[in-house]
Protein chains: 2
Amino acid sequence: MNTQLKKGVLELCVLSLLKSGDKYGYELAESISKEIAISEGTIYPILRRLRDEGCFEVYLRESSSGPPRKYYKITPHGLEIQEQLFSEWSKLTARVSNLIGGN
Amino acid sequence: MNTQLKKGVLELCVLSLLKSGDKYGYELAESISKEIAISEGTIYPILRRLRDEGCFEVYLRESSSGPPRKYYKITPHGLEIQEQLFSEWSKLTARVSNLIGGN
DNA sequence: TTTAGTACCTTGTATTATACAGTAGTTTGT
DNA sequence: ACAAACTACTGTATAATACAAGGTACTAAA
């Protein structure tokens with residue numbers, strides 16, 4: 001799938017998925033992969049960036065099936081960012097529709 | 001508007017707009033600006049790239065209200081690219097919807 | 001016991017589309 | 001003569017994803 005089209009969208013996906021509960025990186029990568037082709041390594045830079053921007057709190061939890069998992073918990077600031085991004089995404093898709101019509 | 005979300009989309013817009021008839025650069029910039037905020041200089045690198053990839057033929061036509069206009073005429077190859085891009089864009093929007101649900 | 005495979009996280013380099021600001025030439029109106 | 005709108009172009013910067021590689025932990029099979 002076209003790389004460029006995904007720009008910014010994965011960020012929205014990550015934030016949105018975390019609205020419904022804490023998740024760990026690998027889990028997010030798996031969920032997103034089911035709909036959108038991404039290489040696994042793609043997700044971690046996004047998580048780090050968003051964490052650095054204060055969108056997440058992070059904690060470790062042991063797993064019975066592998067190494068400890070790093071869980072991401074969305075913060076109020078993260079929620080704001082998510083809403084803003086979602087709003088821009090919605091606007092953009094609507095406007096592109098206007099522009100290109102049925103073609 | 002979020003810069004990253006536009007990546008790849010402007011290309012789709014340009015190609016789609018040219019399906020309904022030849023247009024010149026400034027005209028495309030104006031049309032797109034009505035829906036999506038872009039600075040005028042943004043459009044020309046896109047046009048050059050797509051032309052280099054064989055999506056357009058180009059011709060000059062004098063204008064009575066300014067310097068000569070450079071018209072872009074989409075080629076069969078350009079049409080293919082447009083269809084492909086449109087298809088990917090449609091898939092992406094659908095899949096993002098799946099992923100983020102109502103949130 | 002060794003090996004393979006899967007779960008999980010990280011990082012560095014490359015790619016590439018848009019942003020922005022600036023240049024430049026033409027025509028019209030004042 | 002001058003300003004303003006019209007039209008085209010370019011160079012530098014920014015920033016998100018791709019990809020590859022590496023590393024640790026645990027499990028199951030050979």
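In what follows, every chain begins at residue 1, and chains take the letters A, B, ... in the order their sequences are listed.
The nearest whole Å value for the distance from the CG atom in B:Leu28 to the P atom in D:dC6 is 16 Å. For the pair A:Ile43 CD1 and D:dT17 P, the computed distance is 8 Å after rounding to whole Å. One atom, CG of A:Leu92, and another, C1' of C:dT18, lie 13 Å apart when rounded to the nearest Å. The nearest whole Å value for the distance from the CD atom in B:Glu11 to the C1' atom in C:dT16 is 11 Å.
As judged by a 4.0 angstrom heavy-atom cut-off over every strand, A:Gly8 is placed among residues touching the sugar-phosphate backbone only. Within 4.0 Å of B:Val58, counting heavy atoms only, lies no atom of the nucleic acid at all. A:Lys7 comes within 4.0 angstrom of a base, heavy atoms only. Within the 4.0 angstrom heavy-atom criterion, base atoms lie near B:Gly66. A:Gly25 comes within contact range of the sugar-phosphate backbone alone, with a heavy-atom separation under 4.0 Å but no base atom that close.
When each of D:dT24, D:dA18, C:dT10 is scored by its nearest atom to the side-chain atoms of A:Ser39, the top-ranked nucleotide is D:dA18. Among C:dA19, D:dT17, D:dT10, the nucleotide with an atom closest to any side-chain atom of A:Thr3 is D:dT17. Picking from C:dA19, C:dC9, C:dG25 the nucleotide with the shortest atom distance to the side chain of A:Tyr24 gives C:dC9. In this structure, the nucleotide among D:dA25, D:dT17, C:dT18 sitting nearest to the side chain of A:Arg49 is D:dT17. You'll find that the side chain of A:Ser65 is closest to C:dC8, out of C:dA19, C:dC8, D:dA8. Set against D:dT7, C:dT10, C:dA19, the side chain of B:Ile38 has C:dA19 as its closest nucleotide. Closest to the B:Lys70 side chain, of the nucleotides D:dA8, D:dC19, C:dT11, is D:dA8. For B:Glu40, taking side-chain heavy atoms from C-beta onward, the closest of the listed nucleotides D:dT10, D:dT7, C:dC8 is D:dT7. With distances taken from any side-chain atom of B:Tyr44 to the nucleotides D:dC9, C:dC9, C:dT18, the minimum falls on D:dC9. Residue B:Arg69 has its side chain nearest to D:dC6 when only D:dT17, D:dC6, C:dC8 are considered.
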Verify side-chain contact (heavy atoms from CB on, under 4.5 Å) between B:Trp89 and A:Thr93, making sure each step is shown before the conclusion.
-> CA-CA 9 Å; B:Trp89 171 250; A:Thr93 55; 3.9 Å; yes

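OP1 or OP2 of D:dT10 has at least one side-chain nitrogen or oxygen of B:Arg48 nearer than 4.0 Å. In this model, the phosphate group of C:dC9 is not approached by any side-chain N or O of A:Tyr26 to a distance below 4.0 Å at OP1 or OP2.
When only modelled atom types and interatomic distance are considered, A:Ser87 and A:Ser90 share no side-chain donor-acceptor pair under 3.5 Å.
Residue A:Ile43 comes nearest to A:Ala29 through the heavy atom pair CG2-CB, 4.1 Å, listed as atom of the first residue, atom of the second, then distance. Nearest approach of B:Tyr44 to B:Glu40, heavy atoms of both residues: CE1-OE2, 3.3 Å.
Electrostatic pairing of A:Arg51 and A:Glu57 does not count as a salt bridge here, judged by no charged N lying under 4.0 Å from a carboxylate O.
Mapping A:Glu53 and A:Ser64 onto DNA chain D via the closest heavy atom, the residue that lands nearer the 5' end is A:Glu53.
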